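Below is one structure, written out as structure tokens, with a few remarks after it.
Since we're looking at a predicted model, the values are computed, not measured.
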Amino acid sequence: MIKRTITTRDYLLFVEAWIFLALARFIIIIFPFRIVSQILGRVDRSTNDTNNSENSLGKSKPTAIGTAIFRASRRSPWRTKCLESALAARFMLKRRKEKYIIFLGVNTTTNDHKPLAAHAWLISNGHIITGGNATNVFKIIGKFHG
């Protein structure tokens, strides 16, 4: 068995992610979506529905932020679904002056037996930071840049 030591950087990212997940959950509970959408970023009204957007000119790969959010979300006592994760990642990337795109989508392949499924994911530097890899089954209904 390989034992991985947790670095100070990993721990600090975890704590930051946990705090921003709490803030994101609070914002989603308290404010109506029209306010939440303003917090997400600038609305992108382009008709290009690509998920593979290389939206940042930066050289860093903030995938460590995605890992920290994933770990913190598994250890939080409140709901941490895709929208909370995307919002928390947005806060963390904004602190580091990294560009991002948050996508909101709906699953158009649902039938009468399944409820409509919605999903949010965040991409930075061409990498999916939050939201997983199954984003191709969702029709994009909103994009927010930051």
* Taking Thr67 for the side chain and Thr63 for the main chain, is one N or O donor matched with an acceptor at less than 3.5 Å? ->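 Judged by distance alone, yes, a pair lies under 3.5 Å.
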* Distance-only, no hydrogens or angles: does the Arg74 side chain make a donor-acceptor pair with backbone N or O of Phe70 under 3.5 Å? ->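 Such a contact is absent between Arg74 side chain and Phe70 backbone.
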Are [X] and [Y] close enough that some pair of their side-chain heavy atoms sits under 4.5 Å apart?
X      : Y      : value
Ile69  : Met92  : yes
Trp121 : Phe138 : yes
Leu21  : Ser85  : yes

* Is it true that Glu98 and Arg90 have a side-chain N and a carboxylate O under 4.0 angstrom from each other? ->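 Salt bridge flag = no for Arg90 with Glu98.
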* Asked: Parallel under 30°, tilted from 30 to 60°, perpendicular over 60°: which one fits the rings of Trp78 and Trp18?
  ->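 Rings of Trp78 and Trp18: tilted, as their planes differ by 30° to 60°.
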Hydrophobic cluster membership, [X] vs [Y], 4.5 Å side-chain cutoff:
X      : Y      : result
Ile141 : Leu83  : yes
Phe20  : Ile28  : yes
Ile140 : Ile128 : yes
Leu23  : Ile129 : yes

Using residues 33-41 as the side-chain source, report each donor-acceptor pair under 3.5 Å to any protein atom, sequence neighbours left out, with the distance given to one decimal.
from  : atom 1 : to    : atom 2 : distance (Å)
Ser37 : OG     : Phe33 : O      : 3.3
Ser37 : OG     : Arg34 : O      : 2.9

[X] side, atom [atom1]; [Y] side, atom [atom2] - distance, nearest 0.5 Å:
X      : Y      : atom1 : atom2 : value
His119 : Leu104 : NE2   : CG    : 10.0 Å
Ile101 : Ser124 : CD1   : OG    : 9.0 Å
Ile123 : Ile102 : CD1   : CD1   : 11.0 Å
Phe144 : Asp44  : CZ    : CG    : 9.5 Å

* side chain to side chain contact (heavy atoms under 4.5 Å, CB included) against Ile19, all qualifying residues, sequence neighbours excluded ->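 Expected list: Val15.
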* Whether over 12 other heavy atoms sit under 6.0 Å from Phe14 CZ ->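 Yes - once you tally the heavy atoms of other residues, nucleotides and ligands closer than 6.0 Å, there are more than 12.
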* Asked: Looking at Ala120 and Ala86, what are the two nearest heavy atoms and their distance?
  ->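 Shortest heavy-atom separation between Ala120 and Ala86 comes out as CB-CB, 4.4 Å.
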* Write down the atom of Ala89, the atom of Leu122, and the distance for their closest heavy-atom approach. =>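 That closest heavy-atom pairing would be CB-CD1, 4.0 Å.
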* How would you list all residue pairs meeting salt bridge (charged side-chain N to carboxylate O under 4.0 Å, His left out) that involve residues 23-33, not counting sequence neighbours? ->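 Every pair satisfying salt bridge (charged side-chain N to carboxylate O under 4.0 Å, His left out) with a residue in residues 23-33: Arg25-Glu84.
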